[in-house]
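We number each residue from 1, following the sequence as shown. Numbering of ligands and ligand atoms starts at 1, following listing order.
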Amino acid sequence: MTDKQNAPANNGKKVGRAPKLDNGFYSQDIISVSQFTRENLEYIFGVAEEMRAIVKRVGSTDLLKGSVLACVFYEPSTRTSASFIAAMSRLGGTVIPITQGVQFSSVSKGESLPDTIRTLESYADIIVIRHPEMGSAQIAADYARKPIINGGDGVGEHPTQALLDLFTIEEELGRVDGLNVGMVGDLRYGRTVHSLARLLCLYDVQFNFVSPEILRLPLDVMNEIRNHDLPVSETYDVSEIISDVDVLYITRVQKERFADLSQYEEVRDLYVLTPELMEDAKEKMIVMHPLPRVGEISYAVDSDPRAAYFRQMENGMYLRMALLAAVLGKA
Ligand code: ASP
C-alpha cells in the first residue's frame, strides 16, 4: 500500500499523474477519476451509505476526532467547501477553512501554491484544494507529504463531484450498466462533465451530448469514450434525446471561463429544462445538475420526483465523509 507520509519529499519536482488507488485509500491523493476502478468505487459507495446511516441515526461520530482538514479554495464554492467542512465536522474532526479572499499567482510562474501547501500540511492531516489552473491539484500533491484532494482544478477535473454523481445514479436507478446518459450545456469548460464522462467509461453506458458548437466536449474526453467503444451521439437539441435518456445531466455555461463575454451571451440561455420538456422524458429517469443553476432548469421542475439534483447535493456530504475517513485510515 502506498503510504505518502513515509515517502521522501519531492523537493519541488513534479512526479506526474496520481497512481491508481488501493482499495483502502489510506494516505493517498484523490486527484483524478482515472485513479478509480469499479472495485474501489463500490468500496467507497459502501462507506458513503454507512455515513448516511450514521448521520440519519445520530448526526455525527468521533471517528476522526483529533484530525484536521485544511480547505483551501482559490475559486468560489458553496457545495464543495460546505460539504467538506460539514463532513469533517460530522466525523468529529476540525477544519482550517481558507475559502475566502485567497490571493493567488500562477502556479507555473510562482511558488505560492507549493508554499501554501507546505504551510498547511504542517498544521493539517489532509488538504482539499480548489484552484483555477488545470493540473494545480496534481502539483500540490507532488509537493505535499499529506494527502491532497482535488476540489476542482480549473477546466480540468472535479473528481469528488463525479464520485457523488455516480453514487447518486446508483442510489436512484439501482445500476449504471445499460444506462443512457445525456449531458447538456457547457461540455467544454464543465469540469464535472469531464470527470463524470471519464468515470462512466468504466461502465457499459451510452452517451448523448447536447451543446452548441463552441461548447462541445473536448477531444481528449471524447477519445477516451471512443477508446472504450461506447456508443456516443452529439446534437444541439435536447428534444432529440430527452425521451431516450435515463440520466439527464444538465450544466450551467461557465461564464468565468470565457475570454470573450459576447460569446457567453450568445450561448448562455440556449437550454432551459421545463415541465413541458419533461413530459417527453421517461417515467423512470433522473435529472441531475452539479449546481449552481443559473436558469438551465426551471424552478417548476423542482417538484417533479425525477428531479434528483438536491438529493445529489446531499449525497455529496456522505460521499465526502467516506473519502475523508478512508484517506485518513478510519473507514
Ligand atoms: N460546482 C461545480 C464546479 O465547481 C459546477 C459549476 O460550477 O458549474 O465545477
J.: Check ligand 1 against Arg130 and write out every atom of the ligand that is under 4.0 Å from a heavy-atom position of the residue.
T.: 4 (O)

J.: Looking at Asp125 and Val68, would you say the former's side chain and the latter's main chain have a donor-acceptor pair under 3.5 Å?
T.: yes

J.: Can you report which non-hydrogen protein atom sits closest to atom 1 (N) of ligand 1, along with the distance?
T.: Leu291 O, 2.9 Å

J.: So, are Asp302 and Arg293 salt-bridged, with charged N and O less than 4.0 Å apart?
T.: yes

J.: For His158, take its heavy atoms, then give the atoms of ligand 1 lying under 4.0 Å from any of them.
T.: 3 (C), 4 (O), 9 (O)

J.: What about Thr192: any of its N or O atoms under 3.5 Å from an N or O on ligand 1?
T.: no

J.: Do Tyr318 and Phe167 have ring centroids that are under 6.0 Å from one another?
T.: no

J.: Please confirm whether Phe209 and Phe207 have ring centers closer than 6.0 angstrom.
T.: yes

J.: Give the numbers and elements of all ligand 1 atoms closer than 4.0 Å to a heavy atom of Arg252.
T.: 6 (C), 7 (O), 8 (O)

J.: Side chain, backbone, both or neither: which part of Arg79 has a heavy atom under 4.0 Å from ligand 1?
T.: neither

J.: Which part of Gln254 is near ligand 1, with near meaning a heavy atom under 4.0 Å away: side chain, backbone, both or neither?
T.: side chain

J.: Decide whether the shortest distance between a heavy atom of Gly190 and an atom of ligand 1 is less than 4.0 Å.
T.: no

J.: Run the side-chain contact (heavy atoms from CB on, under 4.5 Å) check on Arg38 and Tyr203 step by step: do they pass?
T.: CA-CA 8 Å; Arg38 278 178 75 140; Tyr203 296 81; 3.5 Å; yes

J.: For atom 3 (C) of ligand 1, state which one of Gln161, Arg191, Arg293 supplies the nearest heavy atom.
T.: Arg191

J.: I need the Leu187 CG to Glu234 CD distance, nearest 0.5 Å.
T.: 8.0 Å

J.: Do side-chain atoms of Glu121 reach the backbone of Ile148 as a donor and acceptor pair under 3.5 angstrom?
T.: no

